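Here the structure is a predicted model, which is why all the values come from computation and not from measurement. A note on names: the letters A, B, ... follow the listed sequences, proteins ahead of strands, and every chain is numbered from 1.
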Amino acid sequence: MDSPFDSEETDTPFSPPPQPAQPVRLSTSTFSAIPQSAVPAIDFRASLNDEQYAAVTAEPGPLLVLAGAGSGKTRTLTYRVAYLLSKGVRPGEILLLTFTNKAAKEMLHRVNDLTGVEPNRFWGGTFHSIGHRALRMFGEDIGLPKNFTILDADEAESLLKQTVDAESKGFFKDKTNPKPGPLFNVISLSRNTQLPIGDTIEKYFPQYKDIAYLIPPFAVAYEKKKREQNVCDYDDLLEYWLRLLQKSPSVTQYFSERFRHILVDEYQDTNTVQAQIVDCIATHHRVMAVGDDAQCIYSWRGADFENIATFMDRHPGTAIHRIETNYRSTPEILNFANRILDAQPHRRAELAKELRAARGHGMRPQVVQTMDDREQADFVIRRIRCLVDEDGVSPSEIAVLYRSHFVAMEMQLALSRAGMPYHITSGVKFFERQHIKDIVAFVRFVYNPADELAWQRIACLLPKVGEKSAQKIHAVAREHAALMRQDLIAVLETDDVKTKVPKGALDDWPSFCASLSEVAETMRAAPPAKAFDMAVNGWYGDYLRGAFADYIDRLEELKALVGFASRYETMQDLLAQIVLLNGETSDRQVDPDAEAIKLTTVHQAKGLEYDVVFVIGVADGYFPGRRAIEDGDVEEERRLFYVASTRAKNELYLCYPKVATRAGPGGMLLEPSRFLKEIDASLYDILKPPRRSYW
DNA sequence: CCTGCATGGCTTTTT
DNA sequence: GCCATGCAGG
């Protein structure tokens, strides 16, 4: 049972002396009082308020922390980690689970600042990335070969599409049937909620009631395909992890003995699988779940804030801590935000929190009405200039938030025109760029030749090769390889295989195959970055030169990818991170350290705070989104609006254009968001910026 | 079977 | 005003 992570906790200067193994027990005991001199002494009492202090220093055991927005939830969590360390708990005994990569990074960074303990000494990260680690260690116990690869959302969807096409020829031809995307969502949601597909459809997708019976076989076939190709989709990382824990007592024992303390951030956003995973590992009940039902914004992915309510049933003797003092926002912003929740049709009384403002007064939120997108962007830019130049606000303390990516389009253009540097956590991500995905697929195929999606991607780059030819080539190569007991890549150049290669592709074929072999060779002997380097310099390099006019720029990015790869020691880890870190934004920025304002979706802004926040597109149809309105369920959108508003510390601007220029049929008139209309007008000011002269 | 053109349909949010 | 899918040609 060797883990590549084991060494990390044992040989660093901060490690306390080894402790005798302690029996797992329901913890009524206090912490073992082993002095921890390496971690700097922290005055917990002075650094925290009463509520936070109580939670941070609570006896080990099930803890539920109900923490409102801006009440210092992350602070509580990070200090809890520091407190555990100060009591002699080793970093390797702490498991820290979050939802987004950003949150994980932020948390571990803060712990590092506080205690000096390096982030990589904890097991901390998203459920998915920790699931991947678990599968990497124990996947073979449930029949998952160790070189499995991970499909991103597009690839998974396309595999499902191919599966369904193969199972039932005309399914997608019939327009009344769900398309691959929605179909994937149905299956995914059923897996994440652990509900049978029939129940899932009844509950969440009644429009598919009539064809519900068709879907379970598709799900089964899809699962089979994934196994054949030795690939996992995102949901597998959670489901297989759970299955592993349920099927193998020794694995469960390993995790629960190893992670004597479990902390879960944003517990309101756990879905059934995630909650079950936590419960399985936390047989010792030393688990701290931190959450706020008002900020549950992932229910479309199966998140169920009822998990908070049932936590105490699943972990008897739960101590509940409420943290209700808000240090972040001015009372004006907080009043406004509280009213958003007041308008909720049904509130859970037992979860309700009353946020108290701790700060002095500031300005009321400003509702900004402009003609169109363009004026909206102009307003934001002019206001930012003013804030930065005259009020001395740092650009990095300013954020522009929106419900969905497309709302930010005009904003991006305007910022570029104005020469104002910005970070954007949306749009086409670095790892989603074509050439990046190509080269990753190239390497991924070498690593796992059963991965047909990776194969299709690279094979289709050859002239005259499309999906069908790619499939045929792969099939014949697979057969041949099995027959000859040889590597799949080694048989690609045999005549049998070549008969399936279209004429137009034969010119490229030898160098294509040679490059694959070279990469395979490198992968066996050298660190992963070398294999990437080899791939870039081989056949793909030639292809790139011919296929793209901006060849130089793209090559530059591929070199950056090689640089990224050099941070990883194993191919498995590297390839997984590329899929899972689906974040690393393609900042159009030259200097990454330059002070830049931030553009992000509300989802990605969760947990973060800024001096000044602009929410753009606060109009019905945008926020709440059109879809949510049509489905008659805007409650999640309301929580999202609450999350957006509570990101602001000093100033909050809610902007909307009166005319929709781009979206919809065009020229449509927009109403202010219903969430604005629900709020007493005395709680905000209305601002109508003068029309800008255009010459 | 692949590729190019035209029409229709449409837009969450993240791992 | 965009992208993806559908149809005709090679």
Under 3.5 Å, side chain of A/Gln572 to main-chain N/O of A/Phe148, donor-acceptor pair present?
yes
From CA spacing to verdict: side-chain contact (heavy atoms from CB on, under 4.5 Å), A/Val290, A/Tyr267
CA-CA 6 Å; A/Val290 182; A/Tyr267 192 76; 5.9 Å; no
Ignoring hydrogens and geometry, is there a side-chain-to-backbone donor-acceptor pair from A/Lys606 to A/Gln295 under 3.5 Å?
yes
Contact nearer the 5' end of DNA chain B, comparing A/Tyr298 with A/Pro502:
A/Pro502
Out of B/dT11, B/dT15, B/dC1, which has the shortest distance to the side chain of A/Arg627?
B/dT11
When you measure from the side-chain N and O atoms of A/Ser129 to the phosphate of B/dT15, is any distance below 4.0 Å, counting only OP1 and OP2?
no
Please determine whether a side-chain nitrogen or oxygen atom of A/His405 lies at a distance below 4.0 Å from atom OP1 or OP2 of B/dT13.
yes
Closest to the side chain of A/Arg301, out of B/dT15, B/dC1, B/dT12, is B/dT15
So, is A/Lys472 near the phosphate of B/dC1, with a side-chain N or O under 4.0 Å from OP1 or OP2?
yes
Check for a donor-acceptor pair, side chain of A/Asn177 on one end and backbone N or O of A/Phe171 on the other, with a separation under 3.5 Å.
yes
Extract from the structure each pairing of a protein N or O with an N or O of nucleotides 3-8 of chain B at less than 3.5 Å, listing the distance.
unit_1 : atom_1 : unit_2   : atom_2 : d
B/dT3  : OP1    : A/Lys464 : N      : 3.4

Verify the distance criterion only: is there a donor paired with an acceptor across the side chains of A/Tyr222 and A/Asp233 at less than 3.5 Å?
yes
State whether A/Gln604 places a side-chain N or O below 4.0 Å from either non-bridging phosphate oxygen (OP1 or OP2) of B/dT13.
no
Identify whether the distance between the nearest side-chain nitrogen and carboxylate oxygen of A/Glu630 and A/Arg627 falls below 4.0 Å.
no
Could you tell me if the side chain of A/Leu654 sits less than 4.5 Å from the side chain of A/Tyr656, heavy atoms only?
no
For nucleotides 3-9 of chain C, list the nitrogen or oxygen atoms of the protein found under 3.5 Å from its nitrogen or oxygen atoms, one pair per line.
none

Closest-nucleotide ordering on DNA chain B, the 5'-leading residue of A/Ala628 and A/Thr126:
A/Ala628
Check whether the aromatic ring of A/Trp300 stacks on the base of B/dT13, taking stacking as ring centres less than 5.5 Å apart and planes within 30° of each other.
yes
Nearest to the A/Tyr234 side chain among B/dC2, B/dT15, B/dT12, which nucleotide is it?
B/dT15
Can you tell me how far CG of A/Leu96 sits from CZ of A/Phe122, rounded to the nearest 0.5 angstrom?
8.0 Å
What stem regions, each of at least 3 consecutive Watson-Crick or G-U pairs below 3.5 Å, can be found for DNA chain C?
B:1-9 with C:2-10
Parallel, tilted or perpendicular: which describes the rings of A/Trp300 and A/His603, with under 30° parallel and over 60° perpendicular?
perpendicular
Give me the one residue out of A/Lys468, A/Glu467, A/Gln162 that meets side-chain hydrogen bond (donor to acceptor under 3.5 Å, both in side chains) with A/Gln456.
A/Gln162
